[in-house]
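Quantities reported herein were computed from a predicted structural model and do not represent experimental measurements. Atoms within each ligand, like the ligands themselves, are counted from 1 in listed order.
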Amino acid sequence: MTDNSLDGIKPYDGPAGGWGALKAVAKAVRQEMGASTKTRALLDVNQPEGFDCPGCAWPDRKHTSSFEFCENGAKAVTWEATQKRVDPTFFAQHSVSELLGWDDYSLEKAGRLTHPLRYDPETDHFRPVTWDEAFARAGAIMQSLADPNEAEFYTSGRASNEAAFLYQLYAREFGTNNFPDCSNMCHEATSTGLPRSIGVGKGTVTLDDFEHADAVFSFGHNPGTNHPRMLGTLREVSRRGKPIVVANPMRERGLERFQDPQAPVEMGTLGATKIASAYYLVKVGGDLAMLKGLIKAVFAADERDLDAGGPGILDREFIATHTTGIDALRADIDAASWPDIVSGSGLSQAEIERMADVYCHADRTIICYGMGITQHRNGTEIVQQIANLLLLRGNIGKEGAGICPVRGHSNVQGDRTVGITELPTEAFLTRLDNAFGIISPRAHGHNAVEAIAAMRDGHAKAFIGLGGNLAVAISDPQTTFAAFRKLDLNVQIITKLNRTCLLLARETLILPCLGRTEVDLQESGRQSVTVEDSMSMVHASSGILKSASATLLSEPAIIAGLAKASLPRTTIDWDHYVADYDRIRDKIEQVFPDFYDFNARVRVKGGFRLRVGASLREWDTPDRKAHFLVADLPLDIDREQHRFLLTTIRSHDQYNTTIYGLNDRYRGVTGRRDVVFLNADDLAELGLQHGDRVDIVSGDRVLAGQTAVAHSIARGSVAAYFPEANCLIALDNHDRRSGTPAYKSVPVSLRRAA
Ligand SMILES: Nc1nc2c(c(=O)[nH]1)N[C@H]1C(S)=C(S)[C@@H](COP(=O)(O)OP(=O)(O)OC[C@H]3O[C@@H](n4cnc5c(=O)[nH]c(N)nc54)[C@H](O)[C@@H]3O)O[C@H]1N2
Ligand SMILES: Nc1nc2c(c(=O)[nH]1)N[C@H]1C(S)=C(S)[C@@H](COP(=O)(O)OP(=O)(O)OC[C@H]3O[C@@H](n4cnc5c(=O)[nH]c(N)nc54)[C@H](O)[C@@H]3O)O[C@H]1N2
Ligand SMILES: [Mo]
């Protein structure tokens with residue numbers, strides 16, 4: 001072990017939140033915004049008149065109450081409101097070949113894009129073009145495609161409902177349902193799995209339910225980093241004395257202890273609130289086994305209770321009235337043996353029974369989950385087992401209970417609601433066609449993995465990205481980068497430089513847009529947009545800052561420009577919609593009846609909640625019942641001769657592919673990202689020491705020279721940061737049902753670095 005190798009690795013003893021969070025915000029403000037008056041913007045986040053936080057999709061008493069503090073929300077805002085600019089002078093100085101040598105952190109850190117740009121192959125530089133030229137160039141190639149299905153329309157989850165709705169209209173009038181989107185890499189297992197279970201692919205709880213829950217289970221997510229405002233919600237549950245049970249292969253500080261920066265006493269006394277009442281280190285990829293174990297334990301407890309003359313643990317009336325499939329589930333669970341459950345989950349039978357005991361004693365239970373559940377080859381089935389567990393005790397559609405998929409991007413759920421889907425229903429397409437007098441294509445389109453495969457195989461030739469950084473976000477950069485470079489057209493509607501826009505096609509265009517924090521002025525005046533949070537609340541968002549550059553256009557305006565240039569015979573008056581976003585909302589309402597009185601209701605403080613049938617015990621399934629579903633799969637994910645399963649995670653200083661800084665405070669890492677976390681006993685068995693340099697190997701894929709860090713993580717499990725570790729994940733390693741890349745169960749082995 002060399003001393004140097006341990007630079008920046010030191011266990012973090014404090015709670016989540018607290019003064020560390022305040023310090024981090026002050027630093028982000030200082031670095032990005034300087035002494036600018038814009039810092040006022042931070043106070044307008046999630047306020048009735050302000051903009052929706054571009055951070056995460058966790059709801060708050062927002063738009064109705066006072067400022068809710070969030071370290072990572074503040075980082076997201078300052079990152080967008082930065083004073084740094086990437087302008088034509090920047091591009092004159094740096095060639096694309098040079099920029100490709102920069103890391104992702106440096107690319108984005110350079111600042112906000114200011115002008116539409118076209119790559120000039122003769123000089124190897126991007127050069128500014130007018131908007132008209134940019135649209136015309138893109139339109140010419142779009143028109144030249146032999147088949148509209150040669151185009152891929154990617155969406156990242158920051159796009160507003162209005163932008164996303166116009167975008168899907170453009171693609172469908174163009175003639176394709178190719179809608180790869182960030183949801184395909186995120187909660188797709190939820191969107192695929194839950195409709196069959198409970199008739200809707202969304203969560204069923206609201207914030208109020210947390211005030212009535214008797215127990216909260218938290219599976220596979222890290223709110224201290226990714227949804228910091230959720231810690232406030234969990235803190236209240238804990239302070240009411242209710243159990244919070246965590247299953248996560250890593251000990252995450254935010255799930256252990258939280259010092260609320262808004263609680264003067266806690267801050268003053270350096271006290272903290274305990275979050276998890278029990279913390280179980282399930283092994284990576286072990287959730288299906290754990291959930292089957294939990295269901296098995298509930299059935300057993302039910303039998304014991306009945307034998308003792310009790311009413312049983314199952315909610316028999318609910319099951320009889322509202323569900324089908326209990327017998328098949330019972331048979332499947334009976335067939336799962338405890339030894340298989342124990343080896344598959346890495347938890348003992350006693351541990352699983354203790355978790356089940358909490359569940360059996362709570363009248364009202366909420367289960368929250370995130371990427372640790374969905375990003376597996378069996379993600380869809382794991383989600384469905386969570387629904388099974390809840391249905392057994394009638395924990396869906398009653399106050400204080402329900403399922404809570406914790407969403408990612410701030411409007412990823414809304415984008416799907418307004419039509420960003422590669423699998424549109426006939427009913428939706430009929431309404432869309434009637435509203436606009438178009439004929440949408442009926443054939444289903446590509447998801448994210450399929451889009452990359454189509455580009456790789458030469459079937460897709462044009463890519464338009466409405467936000468995001470797909471080439472870096474998706475698995476297998478070896479395949480993906482080459483696929484982008486084969487394109488005829490790469491159009492990126494973005495706010496900051498990233499690697500995807502540097503992957504040059506025959507024609508490559510960067511179309512910079514306004515961010516959510518900025519004032520959006522159109523013909524009818526200042527516009528607001530709408531977004532939907534994790535709990536199906538829709539509300540308005542209007543930017544307050546001056547735009548980063550006078551040249552920027554809004555996302556709807558850019559979409560309209562591209563549509564007009566690609567569709568010379570369009571039947572839609574695009575400018576009419578861009579002039580006044582109320583008109584877009586009227587159309588959304590016409591296509592989606594759940595948005596009735598949209599413009600009126602969104603002007604009410606706090607917005608409104610979209611109908612979620614399952615929370616009313618109205619099951620929007622073909623037979624109007626909730627379904628117990630069987631996962632007839634092996635309990636141990638196939639490790640293909642590899643000893644470990646690697647999970648890829650976010651640090652505390654990143655937003656997906658956006659790296660804000662090189663620290664991961666709660667995991668004790670400072671100034672570096674080249675680490676792999678593993679259990680000290682596994683390290684010892686490998687003959688390695690904390691701090692040794694190792695290669696992570698998966699088949700013929702290698703991430704070389706990582707620093708081994710002993711960490712509180714389940715045996716057989718290792719963790720490294722995304723996106724660096726994406727090179728270990730093959731494009732076809734994904735959930736068979738939903739297509740979600742298996743980012744969180746990559747079979748790997750470790751060897752000492754040469
Ligand atoms: N600041 C910030 N906020 C964000 C984001 C961000 O990058 N930065 N990203 C946004 C987006 S798009 C999303 S989707 C969400 C993501 O939010 P999370 O769902 O919290 O995502 P991850 O960081 O990937 O964390 C996954 C957690 O799952 C655990 N885990 C890993 N593998 C397994 C497993 O096999 N089983 C179980 N049970 N647990 C496992 C990890 O230890 C980690 O604690 O956050 C959103 N909010
Ligand atoms: N290995 C591994 N890979 C993963 C994951 C994982 O856990 N592990 N998580 C996956 C998940 S959950 C997700 S959601 C995806 C994320 O995939 P994406 O959504 O594609 O990626 P982001 O990093 O969020 O996109 C960042 C870019 O968006 C642009 N941008 C920022 N704000 C705006 C805006 O307001 N408008 C527009 N038009 N552009 C904007 C900026 O230019 C920035 O470079 O990554 C996935 N990849
Ligand atoms: Mo996500």
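Using a cutoff of 4.0 Å between basic side-chain nitrogens and carboxylate oxygens, K202 and E532 are scored as salt-bridged. A salt bridge links E32 with K84; the closest basic N to acidic carboxylate O contact falls under 4.0 Å. In this structure, D682 pairs ionically with R715, as a charged nitrogen and a carboxylate oxygen lie closer than 4.0 Å. R112 and E518 are joined by a salt bridge, as a carboxylate oxygen and a charged side-chain nitrogen come within less than 4.0 angstrom of each other. Between E555 and R516 no salt bridge is recorded (no basic side-chain N to carboxylate O distance below 4.0 Å).
Proximity to D287 (heavy-atom distance under 4.0 Å) selects the following atoms of ligand 1: 34 (C), 35 (O), 36 (N), 37 (C), 38 (N). Interface atoms of ligand 2 facing I493, defined by a heavy-atom separation under 4.0 Å, are 37 (C), 38 (N), 39 (N). The atoms of ligand 1 that sit less than 4.0 Å from any heavy atom of E252 are 41 (C), 42 (O), 43 (C), 44 (O). Proximity to T225 (heavy-atom distance under 4.0 Å) selects the following atoms of ligand 1: 1 (N), 2 (C), 3 (N). Within ligand 1, counting atoms from 1 as listed, the ones closer than 4.0 Å to a heavy atom of A247 are 38 (N). Taking every heavy atom of V284 and a limit of under 4.0 angstrom, the matching atoms of ligand 1 come to 35 (O). The G285 neighbourhood of ligand 1 comprises atoms 34 (C), 35 (O), with distances under 4.0 Å to a heavy atom of that residue. Within ligand 1, counting atoms from 1 as listed, the ones closer than 4.0 Å to a heavy atom of M250 are 42 (O). Numbered from 1 in the order shown, with element, the atoms of ligand 1 that lie under 4.0 Å from a heavy atom of C186 read 14 (S).
Ligand 1 has no nitrogen or oxygen under 3.5 angstrom from a nitrogen or oxygen of K283. In terms of polar-atom proximity, defined here as any N/O pair under 3.5 Å, R407 makes no such contact with ligand 1. Residue H409 has no nitrogen or oxygen atom sitting less than 3.5 Å from a nitrogen or oxygen atom of ligand 1, judged on distance alone. Close N/O approach between Q654 and ligand 1 is found [any backbone or side-chain N/O within under 3.5 Å]. Polar contact check, E80 against ligand 2: no nitrogen or oxygen pair lies under 3.5 Å apart. Geometrically, ligand 1 and I649 share no nitrogen or oxygen pair separated by less than 3.5 Å. Checking only distances, C182 never comes within under 3.5 Å of ligand 2, N or O to N or O.
In this structure, the protein non-hydrogen atom closest to atom 34 (C) of ligand 1 is G372 O, 3.3 Å. Protein heavy atom at the shortest distance from atom 41 (C) of ligand 1 is N248 OD1, 3.6 Å. Closest to atom 17 (O) of ligand 2, if we only count protein heavy atoms, is A473 CB, 3.2 Å. Atom 8 (N) of ligand 2 has its closest protein heavy atom at T648 OG1, 3.0 Å. Of the protein's non-hydrogen atoms, the one nearest atom 18 (P) of ligand 1 is N226 ND2, 3.4 Å. Of the protein's heavy atoms, N469 N, 3.7 Å lies nearest to atom 21 (O) of ligand 2. Of the protein's non-hydrogen atoms, E555 OE2, 2.7 Å is the one closest to atom 36 (N) of ligand 2. Of the protein's heavy atoms, Y743 CD2, 3.1 Å lies nearest to atom 2 (C) of ligand 2. Ranking protein heavy atoms by distance to atom 11 (C) of ligand 1, first place goes to G408 CA, 3.2 Å. At the shortest separation from atom 9 (N) of ligand 2 among protein heavy atoms lies R650 NH2, 3.1 Å. Annotation: atom 10 (C) of ligand 1 to nearest protein heavy atom, Y655 OH, 3.6 Å. Looking at atom 19 (O) of ligand 1, its nearest protein heavy atom turns out to be M371 N, 2.9 Å. Shortest contact from atom 27 (C) of ligand 1 to any protein heavy atom: H221 CA, 3.7 Å. Regarding atom 40 (C) of ligand 1, its nearest protein heavy-atom neighbour is P249 CD, 3.2 Å. For atom 39 (N) of ligand 2, the nearest non-hydrogen atom of the protein is G467 CA, 3.3 Å. Regarding atom 32 (N) of ligand 2, its nearest protein heavy-atom neighbour is R158 NH1, 3.0 Å.
Neither the backbone nor the side chain of S717 has a heavy atom within less than 4.0 Å of ligand 1. At a heavy-atom cutoff of 4.0 Å, ligand 1 is contacted by the side chain of T647 but not by its backbone. Using a 4.0 Å cut-off between heavy atoms, H227 contacts ligand 1 through its side chain alone, with no backbone atom that close. Here N222 has heavy atoms under 4.0 Å from ligand 1 in both its backbone and its side chain. Contacts between N498 and ligand 2 below 4.0 angstrom, taking non-hydrogen atoms only, involve the side chain exclusively. Proximity of V282 to ligand 1, defined as any heavy-atom pair under 4.0 Å, is confined to the side chain (atoms from C-beta onward). Residue-level proximity to ligand 1 for N72 is carried by the side chain, the only part with a heavy atom below 4.0 angstrom. At a heavy-atom cutoff of 4.0 Å, ligand 2 is contacted by the side chain of N726 but not by its backbone. Residue contacts with ligand 1, taken as heavy atom pairs separated by less than 4.0 Å, do not involve Q375 at all.
Aromatic ring centres of Y154 and F179 lie farther apart than the 6.0 Å criterion allows. Ring pair F219/Y369: centre-to-centre distance not below 6.0 Å.
In the candidate list K496, R516, Q492, E108, E108 is nearest to atom 44 (O) of ligand 2, counting heavy atoms. Between atom 30 (N) of ligand 2 and the options T517, L107, T495, the minimum heavy-atom separation is to T495.
Looking only at distances, a side-chain donor or acceptor of S534 sits under 3.5 Å from a matching main-chain atom of R407.
A cation-pi arrangement, defined by a distance under 6.0 Å to the six-membered ring centre and an angle within 45 degrees of its axis, is absent between K109 and W102. In this structure, R158 is positioned above the aromatic face of Y655, its NZ or CZ under 6.0 Å from the six-membered ring centre and within 45° of the axis. A cation-pi geometry, defined here as NZ or CZ lying under 6.0 Å from the six-membered ring centre and within 45° of its normal, does not hold between R85 and F90.
Taking 4.0 Å as the cut-off, C513 counts as a neighbour of ligand 2 on heavy-atom distance. Heavy-atom separations between K744 and ligand 2 include at least one value shorter than 4.0 Å.
Separating the SG atom in C56 from the NE2 atom in H227 is a distance of 4.5 Å, to the nearest 0.5 Å. Y743 OH to L646 CG: the interatomic distance, rounded to the nearest 0.5 Å, is 13.0 Å. Separating the CG atom in L731 from the CD atom in Q478 is a distance of 10.5 Å, to the nearest 0.5 Å.
Checking L552, L117, L562, I494 one by one against L511, the side chain to side chain contact (heavy atoms under 4.5 Å, CB included) holds for a single residue, L562. Tested against E108, the residues T495, N469, T658, N498 include a single side-chain hydrogen bond (donor to acceptor under 3.5 Å, both in side chains) partner, T658.
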